[in-house]
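What follows is a single structure, written as structure tokens, with notes after it.
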Amino acid sequence: MNQNQSLQEVIRFISAKLNISEVEVAPFIEFPPEKSMGEYAFPCFILAKKLKTSPQKIAESLAEGFFPTEFLKEVKVVGGYLNFFVQRENYIKDILSSVLKEGGAFGKSDEGKGKMVVIDYSSPNIAKPFSIGHLRSTIIGQALANLFRSASYKVVGINHIGDWGTQFGKQIVALKKFGSVEDLKNAKDPIVYLFDLYVKFHKEAEKNPSLEDEAREMFAKTERGDKEATELRDLLVDYSLKAFNKTYKRLGIEFTHTRGESYYADKVEPAFKKIEKLTEVRESEGALVIDLDSYGLTPLLLKKRDGTTLYATRDLTALFDRFEEFNFNQMLYVVGQEQTLHFNQLFSALEKMKIQWVNRCHHIPFGMIRFKDKKMSTREGNVIFLEQVLDEAKKRAKDAIEKKNPELKDKDEVAEAVGTGAVIFNDLSQRMIKDVIFDWDQMLNFEGDTGPYLQYTCARISSIIKKSGSNIKEIDWSRIQDDESFQIVRALEQIPIAISNATKAYEPSILCSALLFVASAFNTFYHKHRVIQEDKNVESARLALLKAVLYSLKNGLQILNIKAPEEM
RNA sequence: GCGCCCGUAGCUCAGGCGGAUAGAGCAACAGAUUUCUAAUCUGUGGGUCAGAGGUUCGAGUCCUCUCGGGCGCGCCA
């Protein structure tokens, strides 16, 4: 990460005084919570024990050795902290000119240069519509992919479509029993047609459990390469992908690979043989399992009584295949937290097989979207479809436009961008491990800390820049020394740090907070100061400030996969 | 029964590698638009950080237990 010069001076100062390397000092530098406390702080508590003096005394003795520099004006001792105050003009100039210079690349880094990360995300099951539940893996996975790309990682994004397994057998049985290929082809919405069949299957199966056996048998046929079953699978995959792609397009989701589980079909047996060689696979109640007692886990099931494979077998197969193909440094599974046990079992099994690269694999769990009083269940048919949500979002955004800016061109396009922006941001802005209670008004809120707030801020800035019509030539940085401009610059300073932390913690919400902080600082500035004015020196400097804000917001929104319309 | 996750303002959440007076948004109330987009801004009220112990100079943050909610625990994925 490129630190700005003020921060570098702080680190250099502490490092020299305490005779500790700069790399060791850097992580201890904090950003004080209050404006009055300066811009950087060094907490001396950690040293108190080692030096056998009070933190206060340590801070005082450090302060004694301080002399003002180009970027640091003064230090103050507050409690056990040594607080640094920057030389405002140089600080502003340093940060803003580097943001403007980097432009569209502001916030990017080369931390991950030469490294490869594979991200498995979205991964819906075929023949079922996208429910709101699928939103999270899709949105979070794409944001992580973008974050890693912005840090110069090579990213492979795989959509691991669920087109294999018993659940898939159920769909074929349902189609054959309660519907027909003919009806499917003529259906207005093939996915809804298939979904209804799927719900019916589970209703019928409650009365008649033998249906489940039929589904298993159907899957067994598929796994043996049965022609009819395979053709039906391909047909269902085809219809499903068409529907999925429509939604992906709306959300701006792009995978580098779309590979169903069926992609690994002919690799499963070789992988299974390999597993048997690496560790003990034993029979248990007719099934084949790997014992994981030593890891405190229940056994991992690899094959069912009838010899067909399970989720875990196919996941292991895919994992071996991916490592061979991509030789990844990290493999991320963006999958709901309800599957934590599965991944613990999977990774423990790999450890038992003495596979070294298991520590490169991570499950990135997230909470589920559910109703207040009950679980969403595709089987029972009580779900909210993602398309429904996006349509409603667009409708509400359009209403807002009609009210606020009826002259706007491209209303539909903007409404789509704002609607989906609200949905995406709402999902990404809280820590992903938390469950989300589905609520229309909260999810589609356009005011306050929301996606549309960021978009609105961008549009507002774009409008001012356009109206000013003036080009920035020489910038006299001394013209933007006011508190509000200064606070914007402080917020901008946090953006690259937030991007880096969000990437390391696999947590897009960190970036969301930093962007809101910038936008809020700008809007405060906006209400207090005019940009376009007589004094062209001030105008130029302020325009430069606005451009920097716009770059940071646009780049951030791009990472989150949210569009920033010029007008709204 | 066992395991994992969560519990912070009326609501939704930041603060989760211990550190300064626990912060935002929504809702409520009071204000701001002859001026660059009011999807905005300014202000007010609102908290035993679920509870009890413990570790520490210092705990919302770490440990233990209790309570509440969610999820998972063999032939689904």
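Chain letters run A, B, ... following the sequence lines, proteins first, then strands; residues in each count from 1.
The residue A:His529 sits close to a base: some heavy atom pair falls under 4.0 Å. Using a 4.0 Å heavy-atom cutoff across all strands shown, A:Ala41 reaches at least one base atom of the nucleic acid. Using a 4.0 Å heavy-atom criterion, one finds that A:Pro43 contacts no nucleic acid atom at all. A:Ile532 comes within 4.0 angstrom of a nucleotide base, judged by non-hydrogen atoms across all strands. A:Gln339 comes within 4.0 angstrom of a base, heavy atoms only. Residue A:Met568 is in base contact, counting any heavy-atom pair closer than 4.0 Å across all strands shown. Backbone-only engagement by A:Lys467 is indicated by non-hydrogen atom pairs under 4.0 Å involving sugar-phosphate atoms exclusively. Within the nucleic acid shown, A:Gly165 comes within 4.0 Å of sugar-phosphate atoms alone, with no base atom in reach, counting heavy atoms only. Residue A:Ile465 is out of contact with every strand shown, counting any heavy-atom pair closer than 4.0 Å. Nucleic acid contact for A:Pro32: base, since at least one base atom lies under 4.0 Å from a heavy atom of the residue. No contact: A:Gln533 has no heavy atom under 4.0 Å from any strand. Here A:Leu301 lies in heavy-atom contact (under 4.0 Å) with a base. Looking at heavy-atom distances under 4.0 Å, A:Tyr453 makes contact with sugar-phosphate atoms alone, never a base. Using a 4.0 Å heavy-atom criterion, one finds that A:Asn501 contacts no nucleic acid atom at all.
The P atoms of B:C63 and B:U55 are separated by 15 Å, rounded to the nearest whole Å. Taking atom C1' in both B:U8 and B:G51, the straight-line distance is 14 Å, to the nearest Å. B:C4 and B:C41 have their P atoms separated by 43 Å, given to the nearest Å. Across the C1' atoms, B:G58 and B:A20 are found 11 Å apart, a figure rounded to whole Å. Rounded to whole Å, the separation between the C1' atoms of B:U34 and B:A9 comes to 40 Å. Remark: the separation of the C1' atoms in B:G45 and B:A59 is 28 Å, to the nearest Å. Going from the P atom of B:G72 to that of B:A77 covers 15 Å, rounded to whole Å. The same atom, C1', is picked in B:C57 and in B:G70; the two are 38 Å apart, to the nearest Å.
Here the side chain of A:Asp163 pairs a donor or acceptor atom with the backbone of A:Glu261 at under 3.5 angstrom.
Side-chain contact between A:Asn125 and A:Phe168 is absent, with no heavy-atom pair separated by less than 4.5 Å. A:Thr308 is not listed as a side-chain neighbour of A:Thr166, based on a closest heavy-atom distance of 4.5 Å or more. Between A:Phe42 and A:Asn83 there is no side-chain heavy-atom pair separated by less than 4.5 Å. The shortest side-chain heavy-atom distance between A:Phe219 and A:Gln171 does not fall under the 4.5 Å cut-off.
Computed from coordinates, the A:Gln171 CD to B:A77 C1' distance equals 11 Å when rounded to whole Å. Rounded to whole Å, atom P of B:G25 lies 21 Å from atom CG of A:Leu444. Rounded to whole angstrom, the span from the CZ atom of A:Phe366 across to the C1' atom of B:C71 amounts to 13 Å. As a whole-Å value, the separation of A:Leu516 CG from B:G25 P is 10 Å. Rounded to whole angstrom, the span from the CZ atom of A:Phe425 across to the C1' atom of B:G25 amounts to 11 Å. Between the CG atom of A:Leu553 and the C1' atom of B:A39 there is a distance of 15 Å, given to the nearest Å. We find that CG of A:Asp483 is positioned 14 Å from P of B:U42, with the value rounded to whole Å. A:Glu567 has its CD atom 9 Å from the C1' atom of B:U37, to the nearest Å.
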Tell me, what's RNA chain B's dot-bracket, Watson-Crick or G-U with both distances under 3.5 Å, | for other-strand, [ ] crossing? (((((((..((((.....[...)))).(((((.......))))).....(((((..]....))))))))))))....

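The side chain of A:Arg460 lies closest to B:A38, out of B:C41, B:C26, B:A38. The listed nucleotides are B:C73, B:C36, B:C41; the one nearest the side chain of A:Leu341 is B:C73. Nearest nucleotide to the side chain of A:Ser463, out of B:A77, B:C41, B:U37: B:U37. With B:A32, B:C75, B:G74 as the candidates, the nucleotide lying closest to the side chain of A:Arg305 is B:C75. Nearest nucleotide to the A:Val418 side chain, out of B:C41, B:U37, B:A39: B:A39.
A:Ser284 contributes a side-chain N or O that forms a donor-acceptor pair with the base of B:G74 under 3.5 Å. Side-chain atoms of A:Asp441 and base atoms of B:A27 include no donor and acceptor less than 3.5 Å apart.
Side-chain contact check for A:Tyr453 and A:Asn523: at least one donor-acceptor pair (N or O, by modelled atom type) lies under 3.5 Å. Side-chain polar atoms of A:Tyr311 and A:Gln339 form a donor-acceptor pair below 3.5 angstrom. A donor-acceptor pair shorter than 3.5 Å can be found between the side chains of A:Arg322 and A:His160. A:Ser509 and A:Arg431 share no donor-acceptor pair across their side chains, judged by distance under 3.5 Å alone. Between the side chains of A:Thr298 and A:Gln345, a donor-acceptor pair is found at a separation under 3.5 Å.
The phosphate of B:A39 (OP1 or OP2) has a side-chain N or O of A:Tyr456 nearer than 4.0 angstrom. Proximity of A:Ser468 to the phosphate of B:C36: no side-chain N or O atom is located under 4.0 Å from OP1 or OP2. Taking 4.0 angstrom as the limit, A:Arg370 places none of its side-chain polar atoms (N or O) nearer than this to OP1 or OP2 of B:G69. Considering only side-chain N and O atoms, A:Lys466 lies nowhere under 4.0 angstrom from the phosphate OP1 or OP2 of B:C36. Regarding contacts with the backbone of B:A38, a side-chain N or O of A:Tyr526 is found under 4.0 angstrom from either OP1 or OP2.
Take the nearest nucleotide of RNA chain B for A:Thr340 and for A:Lys304: the residue whose nucleotide is more 5' is A:Thr340. Between A:Gly162 and A:Phe446, the residue anchored nearer the 5' end of RNA chain B, judged by the nucleotide with its closest heavy atom, is A:Phe446.
Evaluated for a salt bridge (Lys or Arg N to Asp or Glu O under 4.0 Å) with A:Lys303, the options A:Glu283, A:Glu276, A:Glu223, A:Glu269 yield exactly one hit, A:Glu269.
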What one-letter contact string describes nucleotides 6-16 of chain B from 5' to 3', where B marks a base within less than 4.0 Å of any protein heavy atom, S marks contact via sugar-phosphate atoms alone, and - marks no contact? SS----SSSSB

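Below 30°, between 30° and 60°, or above 60°: for A:His363 and A:Phe343 the angle between ring planes is below 30°, a parallel geometry. A tilted orientation is assigned to the rings of A:Tyr526 and A:Phe522, their planes being inclined by 30° to 60°.
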List the steps, then state whether side-chain hydrogen bond (donor to acceptor under 3.5 Å, both in side chains) holds for A:Thr450 with A:Asn445. CA-CA 7 Å; A:Thr450 63; A:Asn445 183 19; 6.0 Å; no

